[in-house]
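These figures come from a predicted structure and were not determined experimentally. Residue numbering restarts at 1 for every chain, and letters A, B, ... go by the order of the sequence lines. Side chains included, hydrogens not; waters and symmetry mates left out as well; all remaining heavy atoms used.
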Amino acid sequence: METESNIPPPVTSITQIGRHDGEIVTIQGWLYNKRESGKLIFPIFRDGTGVVQGVAPKNQVSPETFETLKNLTDESSVIVTGKVRSDKRAPGGYELDVINVTVVQRVPEDDPYPISGKEHGIDFLMENRHLWVRSPRQCAIMRVRAEIIRSIRNFFDERGFTLTDPPILTPAACEGTSTLFSVDYFDDEAFLTQSGQLYIEATAMALGKVYSFGPTFRAEKSKTRRHLTEFWMVEPEVAYARLDDIMELAENMISHAVQSAMANRRTDLETIGRDVTKLEHIKPPFPRITYDQAVEILHDGHAKGLVEAKFEYCGDFGSPDETYISSQFDKPVMVHRYPAKVKAFYMEPDPQRPDLALCVDVLAPEGYGEIIGGSQRIGDYNQLVQRIREHALPEAAFKWYLDLRKYGGVPHSGFGMGIERAVAWICGLEHVRETIPFARTLTRIYP
RNA sequence: UGGCCGGUAGCCAAGCUGGUAAGGCACGUGACUGUUAAUCACGCUAGCGCAGGUUCGAAUCCUGCCCGGCCAGCCA
């Protein structure tokens, strides 16, 4: 069957197909799946924006088209022309009466597409991640991630922040705590960054309000559902801001991201199976508790038998501790003023209680753990020198960082949010490895 | 790095008090003009992570190693 004119039918995307009801359109995509019933074939096409079922009755399509469809294998790439028809039997509301199919590349039947609709273990799926990303759930997650990133960048751009990109290759450890990946840098040793924070403190002194958005690397040998060796962080840094200012910034940023995901990617969240009622109320203000209050919560939990180990004051929280604390709230909870000795060297001490740091961790609900760590930074040159010595850090490597306190130092604060943990929480995923197209973990660097 | 669990066809998986490898999915062929995880029939595919040991005989027992998962520590 030929189309009526020489003008080729317009290419449309499957999400837009409803705008072409009754019209002949072209879809560029892949065969997602196929069902046959004798002289009737139902090819299901996907194009990256959605899925639509085609209908091809033998007596209504050309013999060539019918044969092509009958022999078509899953995930073969195809260009399909057909007439859009609304149909209440279709999940998306529309079907495509197939007129013509052009096979771009046919998947051979003796080596079929390995990922079927069900029953795959995680190892197999990760080994085939380059193909797994095509599945509807993975596509939905990638779209939600993109929306979260877009909304966060938008959030800062609209508030007068300037994006400043810190280096990824660095000469020394930023914080001196995590294990870093080392690389050969023209016969010198260099490291992959674990945080852009120290560098954006410098750009904050230039531009006032800045943020960075980029990859970071940790060579820690942790293999849990919350860890990747390569992950993305968004880090704002604000000159003249105090701890309270960035706590407010953090809750506004998180709310903005959650609300944007719900407003713009709701169907994707539903595809993923997220219970969005748990996200609807994620709006400021978030509960704020001190470290001391968090410890009380843990001691209560221990007394009730809900927390196994009795928490030792002055320690940092373990993963089960964070889960219990966050379980007491239905929004992210901001825990501030930890003992200085369990925190990073650059954190400003609380003037009221110098043993505490002016810092904040944001713990996500539903056991997703820490998604944000932030603090007010030490402003005084001599105090920072002292801290660097106490932490046995190489002083010379921090000369430039100390300069920031020598040449017009000001109070300033910032935080970092791990994108994958935030996406895992917002999507309600079991593991962060699904939040990024190609997760790098302790045990996997292929594909 | 430690504790626990696991590696059987392309995938999922039973078998693991030793006796000679279920079943399902996928794929192929045939039937079916409304299928939605379609259905029905037939067919194809493994010698059980690797190495060694015990035994008449090992997927099953023993030793060592490799790989993966979960949890913990550490962190975002």
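- Atom name P, nucleotides B:U17 and B:C25: the rounded distance is 29 Å, in whole Å.
- The interatomic distance linking A:Asp123 (CG) with B:C66 (P) rounds to 17 Å, in whole Å.
- When the nearest nucleotides of RNA chain B are assigned to A:Glu109 and A:Pro91 by heavy-atom distance, the more 5′-ward of the two goes with A:Glu109.
- A donor-acceptor contact under 3.5 angstrom links the side chains of A:Ser195 and A:Glu235, judged on distance only.
- Scored by the side chain to side chain contact (heavy atoms under 4.5 Å, CB included) test, A:Ser327 finds A:Tyr324 as partners (sequence neighbours excluded).
- Rounded to whole angstrom, the span from the CZ atom of A:Arg225 across to the C1' atom of B:C75 amounts to 16 Å.
- Comparing the C1' positions of B:G2 and B:A37 gives an interatomic distance of 42 Å, to the nearest angstrom.
- Looking at A:His336, its side chain never comes within 3.5 Å of a backbone N or O of A:Leu243 through a donor-acceptor pair.
- Rounded to whole Å, atom P of B:U35 lies 7 Å from atom CZ of A:Phe42.
- Ring orientation note: the planes of A:Tyr446 and A:His130 are nearly perpendicular, at an angle over 60° on the 30°/60° scale.
- Annotation: cation-pi pair A:Arg288/A:Phe286 absent, no NZ/CZ under 6.0 Å from the ring centroid and within 45° of its normal.
- Across the interface with RNA chain B, nearest-nucleotide mapping of A:Asp321 and A:Phe231 shows A:Asp321 to be the residue nearer the 5′ end.
- Separating the NZ atom of A:Lys223 from the C1' atom of B:G3 is a distance of 10 Å, rounded to the nearest angstrom.
- The separation of B:G19 from B:U60, taken at their P atoms, amounts to 11 Å, rounded to a whole angstrom.
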How would you summarise protein contacts on nucleotides 6-11 of chain B per nucleotide, using B for base, S for sugar-phosphate only and - for none, with heavy-atom distances below 4.0 Å?
-----S
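- Residue A:Ile419 contributes atom CD1, which lies 20 Å from atom P of B:C75 at whole-angstrom precision.
- B:G28 atom C1' lies 13 Å from atom NZ of A:Lys70, rounded to whole Å.
- Of the candidates B:G73, B:G28, B:A76, the closest approach to any side-chain atom of A:Glu370 belongs to B:A76.
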Filtered N/O pairs between nucleotides 39-48 of chain B and protein, under 3.5 Å:
none

Applying the Watson-Crick and G-U criteria (both distances under 3.5 angstrom) with [ ] for crossing and | for other-strand pairs, one obtains for RNA chain B ((((((((.[[[..)...(...]]].(((((.......))))).....[[[[[..)....]]]]])))))))....
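- Under the 3.5 Å distance criterion, the side-chain polar atoms of A:Glu67 are left unmatched by any main-chain donor or acceptor of A:Ser62.
- Using a cutoff of 4.0 Å between basic side-chain nitrogens and carboxylate oxygens, A:Glu75 and A:Arg46 are scored as salt-bridged.
- Distances shown here put every side-chain N or O of A:His431 at or beyond 4.0 Å from the OP1 or OP2 atom of B:G69.
- Residue A:Asn59 places a side-chain atom within donor-acceptor reach of the base of B:U33, judged by atom type and a 3.5 Å distance cut-off alone.
- Under 4.0 angstrom from either OP1 or OP2 of B:A72 there lies at least one side-chain N or O belonging to A:Arg226.
- Taking syn as a glycosidic angle within 90° of 0, B:G47 qualifies as syn.
- The main-chain N or O of A:Asn71 is found under 3.5 Å from a side-chain atom of A:Arg106 such that the two form a donor-acceptor pair.
- If you check B:A72, B:A76, B:U36 against the side chain of A:Ser319, the one that comes closest is B:A72.
- A:Asp321 contributes a side-chain N or O that, together with a main-chain N or O of A:Gly318, makes up a donor-acceptor pair within less than 3.5 Å.
- Looking only at atom types and distance, the side chain of A:Thr49 has a donor-acceptor partner in the side chain of A:Asp47 under 3.5 Å away.
- Using a 4.0 Å heavy-atom distance criterion, A:Glu235 is classed as making no nucleic acid contact.
- In this structure, the CG atom of A:Leu429 is 13 Å from the P atom of B:C70, given to the nearest Å.
- The distance between the ring centers of A:Phe398 and A:Tyr346 does not fall below 6.0 angstrom.
- The A:Pro112 side chain lies nearest to B:C27 when the options are B:C27, B:G69, B:G34.
- Aromatic ring orientation, A:Phe213 versus A:Trp232: tilted (interplanar angle from 30° to 60°).
- Here, B:C44 and B:U8 have their P atoms 23 Å apart, quoted to the whole Å.
- Using C1' as the reference atom, B:G10 and B:A26 are 8 Å apart when rounded to the nearest Å.
- Residue pairs meeting the ring pair (Phe, Tyr, Trp, His ring centres under 6.0 Å) criterion with at least one partner in residues 287-315 of chain A, sequence neighbours excluded, are A:Tyr291-A:Tyr313, A:Tyr291-A:Phe317, A:Tyr291-A:Tyr338, A:Phe311-A:Phe317.
- Sorted by residue number, the members of residues 432-446 of chain A with any non-hydrogen atom under 4.0 Å from RNA chain B read A:Arg433, A:Thr443.
- Between B:U45 and B:A9, the distance separating the two P atoms is 15 Å to the nearest Å.
- Spacing between B:C71 and B:A58 at atom P, rounded to whole Å, works out to 39 Å.
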Step-by-step salt bridge (charged side-chain N to carboxylate O under 4.0 Å, His left out) determination, A:Glu434 to A:Arg137
CA-CA 10 Å; A:Glu434 277 189 82; A:Arg137 174 185 165 86; 3.2 Å; yes
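- Annotation: B:G47 and B:A22 have their C1' atoms spaced 15 Å apart (nearest Å).
- Between the CD atom of A:Glu322 and the P atom of B:C71 there is a distance of 14 Å, rounded to whole Å.
- At a cut-off of 3.5 Å, with distance as the only test, a side-chain donor of A:Arg226 or A:Ser319 sits close to an acceptor on the other residue.
- Using a 4.0 Å heavy-atom criterion, one finds that A:Glu430 contacts no nucleic acid atom at all.
- Scanning atom types as modelled, no donor and acceptor separated by under 3.5 angstrom connect the side chain of A:Glu127 and the base of B:G68.
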